[in-house]
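Both counts, for ligands and for their atoms, begin at 1 and track the order of listing. Everything numeric in this text was worked out from a predicted model, so none of it was measured. Sequence positions, counted from 1, serve as the residue numbers for this chain.
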Amino acid sequence: MKLAAKILKGDVRAAAHLITLIEDEGLTKGEGPDALKEMEILYPHTGKAYVIGVTGAPGVGKSTLTDNLIGFFRKQNMSVGVIAIDPTSALTGGALLGDRIRMQRHAADPDVFIRSLATRGWIGGLAKAAIGAVHVMDAMGKDIILVETVGSGQVEMDIVKAADTTLLVLAPGAGDEIQAMKAGILESADILAVNKADKEGAERLKADLEMMLDMKPRKTGEWQPPIVLTEAVNDTGTEKLAEALLEHQKFLKESEGLALRRRERARLELLETIESEIKEKIHGLEGGILLEQLVEDLQKGKTTPQNAAREIIKRIIK
Ligand SMILES: Nc1nc2c(ncn2[C@@H]2O[C@H](COP(=O)(O)OP(=O)(O)OP(=O)(O)O)[C@@H](O)[C@H]2O)c(=O)[nH]1
Ligand SMILES: [Mg+2]
C-alpha cells in the first residue's frame, strides 16, 4: 500500500510502478492482489481528471497532435498525463517508439507523465490496463489525461467508452473516412481533426465528413461535432482544436452528459470485472477439467449449451 500514498502526492515513479503491476498482473489473473490493494486506496481520489481519447488510423498524426495539445494545456498551467496504446505492437514495439519520439519535447517536464502500453498477446487485457492507468494518473492529480490509441476495433471502442471526450483524427488519403464509418468510430467522435491540412484533399475530406455528420439526425441541444483542420507538424490549428475540446467539456458539464458518461463507464467497468472474475473461476473449476469435459459433451451432442452453463454456474455458486 506504499505506492498509493506516494501516488496521491504525485510521485511519478510510484505511478509508473503501479501501472506496470496492473499491466503484468492483469495478463494472467485479473488485477493481482498487490495492484488491487493500491487501487482500493486510489479509487476515492479519481474522477477529477478530464479524459480525452485520441483515436484514428495508423500514421494520421495522433502523436504529433497529442504533443501539440500537451504544449497547449501546459501553457494553461494544467498538468497532463498521456497513455499511448498500441494493440498491434506486440512483436515490434515500433509504433510505440515512434510515439515516444514524437512526444519527446515534453519528456523532461515534471508535470507531463507519458506512459505507453503494448499488448503482450492478450487484447482484452490492454483496454483494462489502460483504464487502470487512467485511474492512476487521475489519482495522482493530472488535470488532463490524453489516451492515444490506433484505430483497430475493440480496444479502440473500449477506450472511446472510457473517455469523457473522443477526438477522431483523420488525414487525406488512405480512405480513412470509410474506415471510420466501418468501425462506428465516427458516431462516437465528439471532435474531428482533419490533420495534414498541408496535403491535397484535406478540404475535400472535411466537406465529406461534414456531409456524413449532417446525415445523422440530431435533437435540439445535442452536441454537433466540430471539424478542425490541423497541421500537426507545424503546430497549426492546435489552439482551435484545444478550444473545441474544452468547449465539449463545458457542454458535458452543463448538460449532465458528463455524469451520464461516467455512470456508463462505471457500469461497464463493473460488468467487465464480473465477467472476467467469473471466467477465471470457470477456468479454475477442477483445474479446468470440468470445462473441457462439458465442451466435449457439447461437441458430441450429449448436452446443450444452456444445460452445460447451468451446471457450471451451479458449481461456482457452491
Ligand atoms: N505533412 C504532414 N505530415 C504530418 C502532419 N502531422 C504529422 N505528420 C507526419 O505523419 C507521420 C505520422 O505521425 P504520428 O504523429 O506518428 O502519427 P500517429 O497517428 O501517432 O501514428 P501511429 O501512432 O503510428 O498510428 C510523421 O512522420 C509525422 O511527421 C501534418 O500535419 N502534415
Ligand atoms: Mg502515434
For [X], take its heavy atoms, then give the atoms of ligand 1 lying under 4.0 Å from any of them.
X: Thr64; result: 7 (C), 13 (O), 14 (P), 15 (O)
X: Glu231; result: 31 (O)
X: Val60; result: 19 (O)

Examine distances only and state if a side-chain atom of [X] and a backbone atom of [Y] form a donor-acceptor pair shorter than 3.5 Å.
X: Asp164; Y: Tyr50; value: no
X: Arg262; Y: Ala266; value: no
X: Arg115; Y: Ala16; value: yes

Tell me, please, if Thr66 has any N/O/S atom, main chain or side chain, under 2.8 Å from the Mg ion (ligand 2)?
-> no
For the Mg ion (ligand 2), the closest N/O/S atom belonging to Glu148 = OE2
If you measure every N or O of [X] against every N or O of ligand 1, does any of those distances drop under 3.5 Å?
X: Thr230; result: no
X: Ala232; result: yes
X: Lys199; result: no
X: Ala197; result: no

Do Thr303 and Asp297 get their side chains close enough for a donor-acceptor pair, meaning under 3.5 Å?
-> no
Verify whether one side chain among His135 and Glu269 offers a donor that lies under 3.5 Å from an acceptor in the other.
-> yes
How does Asn195 reach ligand 1, if at all, at less than 4.0 Å between non-hydrogen atoms: by side chain, backbone, both, or neither?
-> side chain
For ligand 1, does Val233 get within less than 4.0 Å through its side chain, its backbone, both, or neither, judged by non-hydrogen atoms?
-> both
Hey, is Gly59 one of the residues with a heavy atom under 4.0 angstrom from ligand 1?
-> yes
By the rule that ILVMFWY residues connect when side-chain heavy atoms come within less than 4.5 angstrom, directly or transitively, which residues belong alongside Ile313?
-> Ile317
SB check Glu277 Lys281 (cutoff 4.0 Å) | no
Any chance you could measure Leu65, atom CG, to Asp235, atom CG, to the nearest 0.5 Å?
-> 9.0 Å
